[in-house]
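Letters A, B, ... are given to chains in the order of the sequence lines, protein chains preceding strands, and every chain is numbered from 1.
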2 protein chains.
Amino acid sequence: MVTLAEVAQHAGVSASTVSYVLSGKRSISATTRQRVERSIRELGYHPNAGARALASSRSNIIALMVPLRTDMYVPVMMEIAIAVATTARTHGYDVLLLTGEEGPDAVRRVAGSGLADGMILMDVELDDERLPLLRGARQPAVLIGLPADTEGLTCVDLDFKATGALCVEHLAERGHRDVAVIGEAPAVYERHTGFAERTLDGLRGRARELGLRLLHRPCEGGYDAMAVTLARILDERPGTTGFVVQNESAVEPLLALLRQQGRAVPEDVSVVAVCPEQVAVQASVRLTSVAIPAQEMGRHAVEQLVAKLGGRGGDEVVLLAPELTVRASSGPAPLP
Amino acid sequence: MVTLAEVAQHAGVSASTVSYVLSGKRSISATTRQRVERSIRELGYHPNAGARALASSRSNIIALMVPLRTDMYVPVMMEIAIAVATTARTHGYDVLLLTGEEGPDAVRRVAGSGLADGMILMDVELDDERLPLLRGARQPAVLIGLPADTEGLTCVDLDFKATGALCVEHLAERGHRDVAVIGEAPAVYERHTGFAERTLDGLRGRARELGLRLLHRPCEGGYDAMAVTLARILDERPGTTGFVVQNESAVEPLLALLRQQGRAVPEDVSVVAVCPEQVAVQASVRLTSVAIPAQEMGRHAVEQLVAKLGGRGGDEVVLLAPELTVRASSGPAPLP
DNA sequence: GAACACTGTCGAAGCGCTTCGACAGCCTCT
DNA sequence: AGAGGCTGTCGAAGCGCTTCGACAGTGTTC
């Protein structure tokens, strides 16, 4: 282990000078800087993270709490996590991976021990039990997702209400009057996950304004669950010509079932999905969809957090505008 | 910030005594222990991670390097990562999330700075450029995956060779003679990712032994790529009745295409997949499959690493035995 | 009952870094 | 020419913890 002191000795300067070369917090003459940098390279010096954290009371670590459940939108989570990790690195931070398992205790532990300088929470519930802790903490935090009360919190999310509205508009413009929504698994609604409810709000609100009939049904992923859900929908509303799907793992089963029943997409029925680009493009019918901008969400969250750590920027709610891409799964409603 | 010294004062003992209560490295009388524990609780004390790391030169952090690419088996990666994080916590470790982006530099940085006590690498290539660094490092490491040369390394992986063999055996037993393998994307083979090649080894070896004809075709995920691949396969080997699929995102397209062409599963053709349980169960036909035991791999990797950190256990290669579960997608070969 | 071994506690010395105040040397201004 | 202001460097004081050696006090052994 090479230490700062050894570098200093090798370069013929004091330890503090080396430290200032590293941090840039005081001006250093060009010649000295070069000498020090050379010594650092020659000795293969790496600053000790623990010592640094102790002396500066900053760890340069961001904690990321991911949900323990792997029952929904896993690829989105992963993409966000990776975006967080890479963006954090560009700002000089590393990322600590926490699972939701410990719940509020994890927040206390990380904040109390100074392990991380700030945290990013994913999968926030409308009335999350970690929120009071965050509001009272000296550690800044950013949420990915939107709780019921955002007072004193910084949040980043896709504007799911606008997303819902956008889907309905798209179908309405093409003449669809009866639209069914294949929602997330029932558990997701019971848990009051914000995005699911907000999407529904947007769907319903716009449907009302535009005079569409909307039927919402939660649905576990998978073929069997989708089969049951679809049968019920068509039983109740045989005239349904538009589908909005929010559950990734219901997309492909839905397409298979429709095909099987002789309903052509997009000639007979239109399907609009809310899902990552990749899913939309790889589906058996290229899907008209509103993309979930996972990378952008991760990136934004880190940048908000870094700003707060730097004393800049206050509490703010950033809602990313949804974008609908028209592909092969939607078209004009068939003539009655 | 409550410090050790404050706890000590509150409890009327010396700082070292509090430290020993916390670590259990020296015996402490029951009464003293209780007094100290009470003070800790009352003051809400959390040991400072940086100070701890500095004084003990152990950070109690494990670094996990995940691949940057999100082009393959994302749910598997995520499941492993979560299993690593939760298992690590049960051993008192936190997990630092590194993306492959930095490559070997990340290894140097983490090892050099003492940020982590050890590391777990996922998505190891057969001849990974990080391996020499790991062999020379004082930090223990565990690989999830198997490089060409495992000398001096500890590895955990599914026995993909046995997995390939198992798939072939299953089809052979049911009378299939012409089997096609839908492999991972070409890029995966070009990158010489171990598991893909080892699966192929297993498939080919066993097929030769059992006298099956085997046709292997890499395939990008998605419907369009699968359509092209399938057409080529059936063109070249019209008598194909068995499919082994290794690429998750080709599974559903394959089923859709077969259905579309009037080939019934499992009456006309049998499909065996290598994929996580969830995919197999949720597919439009419940798939006969060899599960990828993501959780178990993550858990094992942590346990190996913790053992090495504790000075126990040496270099070892753990290959988990594959298990094939028969579901609805495979049956006897049709009579010619 | 002297010699010895435990047990439980303490004090002090760092771990490697950051950062504050000090200050030498030089430049600029009047 | 002296006062004042910069610039670049240094020394020293911690940051909060672990851990080593020391040592009272008690129990055990012949």
Side-chain angles (χ1 to χ4, degrees), chain A residues 1-37 39-40 43-61 92 109-117 138 309, chain B residues 1-37 39-40 43-61 92 109-117 138 309:
Chain A
M1 275 293 34
V2 186
T3 70
L4 227 210
E6 290 168 336
V7 173
Q9 193 175 6
H10 185 271
V13 298
S14 76
S16 47
T17 299
V18 177
S19 178
Y20 286 124
V21 166
L22 251 23
S23 69
K25 292 192 181 173
R26 287 207 181 169
S27 53
I28 297 286
S29 70
T31 57
T32 308
R33 185 202 311 311
Q34 281 160 16
R35 206 139 38 83
V36 170
E37 281 167 352
S39 298
I40 288 176
L43 299 179
Y45 169 71
H46 283 274
N48 178 305
R52 219 166 218 202
L54 177 57
S56 66
S57 28
R58 309 177 87 276
S59 63
N60 283 301
I61 290 179
R109 188 168 63 83
V110 169
S113 67
L115 229 186
D117 296 335
R138 70 198 140 292
L309 286 170
Chain B
M1 276 290 39
V2 185
T3 69
L4 227 211
E6 290 168 337
V7 173
Q9 192 175 5
H10 185 272
V13 298
S14 76
S16 47
T17 301
V18 177
S19 178
Y20 286 124
V21 167
L22 250 24
S23 69
K25 292 192 179 171
R26 286 207 180 168
S27 52
I28 297 286
S29 70
T31 58
T32 307
R33 186 204 309 310
Q34 282 161 15
R35 207 137 40 84
V36 170
E37 282 167 351
S39 297
I40 288 176
L43 299 179
Y45 168 71
H46 284 273
N48 177 305
R52 217 166 220 203
L54 177 57
S56 65
S57 32
R58 308 177 88 274
S59 63
N60 283 300
I61 289 180
R109 189 169 62 84
V110 169
S113 66
L115 230 187
D117 296 335
R138 71 199 141 290
L309 287 170

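Of the possible donor and acceptor atoms, one in the side chain of B/Glu6 sits under 3.5 Å from a partner among the backbone N and O of B/Thr3.
Under the rule for a side chain to side chain contact (heavy atoms under 4.5 Å, CB included), the partners of B/Glu37 that lie at least two apart in sequence or sit in another chain are B/Val21, B/Arg33, B/Arg41. Evaluation of the side chain to side chain contact (heavy atoms under 4.5 Å, CB included) rule for A/Arg109 yields A/Leu98, A/Glu102, A/Leu115, B/Arg89, B/Asp94 as partners, not counting sequence neighbours. In this view, A/Thr32 and A/Ser29 satisfy the side chain to side chain donor-acceptor pair (under 3.5 Å) rule, not counting sequence neighbours. Residues meeting the side chain to side chain donor-acceptor pair (under 3.5 Å) test with A/Ser39, sequence neighbours left out: A/His10. In terms of the side chain to side chain donor-acceptor pair (under 3.5 Å) criterion, residue partners of A/Ser16 (sequence neighbours excluded) are, by chain and number, A/Ser14. For the side chain to side chain contact (heavy atoms under 4.5 Å, CB included) test, residues two or more places apart in sequence or in another chain that qualify with A/Ser23 are A/Tyr20, A/Lys25. Applying the side chain to side chain contact (heavy atoms under 4.5 Å, CB included) criterion to B/Gln9, with sequence neighbours excluded, gives no partner residue.
Rounded to an integer number of Å, the gap from B/Leu115 CG to C/dC15 P is 20 Å.
Phosphate proximity of C/dT18 to A/Lys25: absent, as no side-chain N or O sits under 4.0 Å from OP1 or OP2. In terms of phosphate contacts, B/Thr32 brings a side-chain nitrogen or oxygen within less than 4.0 Å of OP1 or OP2 of C/dT9. The side chain of B/Thr3 places no N or O atom within less than 4.0 Å of a non-bridging phosphate oxygen (OP1 or OP2) of D/dC15.
Two end axes, each from the C1' atoms of five base pairs, can be drawn for the helix from C/dG1-D/dC30 to C/dT30-D/dA1; they diverge by 30°, to 10 degrees.
Contact check of residues 8-20 of chain A against DNA chain C (heavy atom, cut-off under 4.0 Å) returns A/Ser16, A/Ser19, A/Tyr20. If you check residues 44-60 of chain A against DNA chain D, the residues with a heavy atom closer than 4.0 Å are A/Leu54, A/Ala55, listed by number.
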Produce the list of close N/O pairs, under 3.5 Å, pairing protein atoms with atoms of nucleotides 22-27 of chain D; give distances to one decimal.
unit_1: D/dA22; atom_1: N6; unit_2: B/Arg26; atom_2: NH1; d: 3.4

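Proximity of A/Leu22 to A/Ile40: side-chain heavy atoms (C-beta onward) are separated by under 4.5 Å at one or more points.
Residue pairs satisfying the salt bridge (charged side-chain N to carboxylate O under 4.0 Å, His left out) criterion with at least one member in residues 52-61 of chain A, sequence neighbours excluded, are listed as follows: A/Arg58-A/Asp117.
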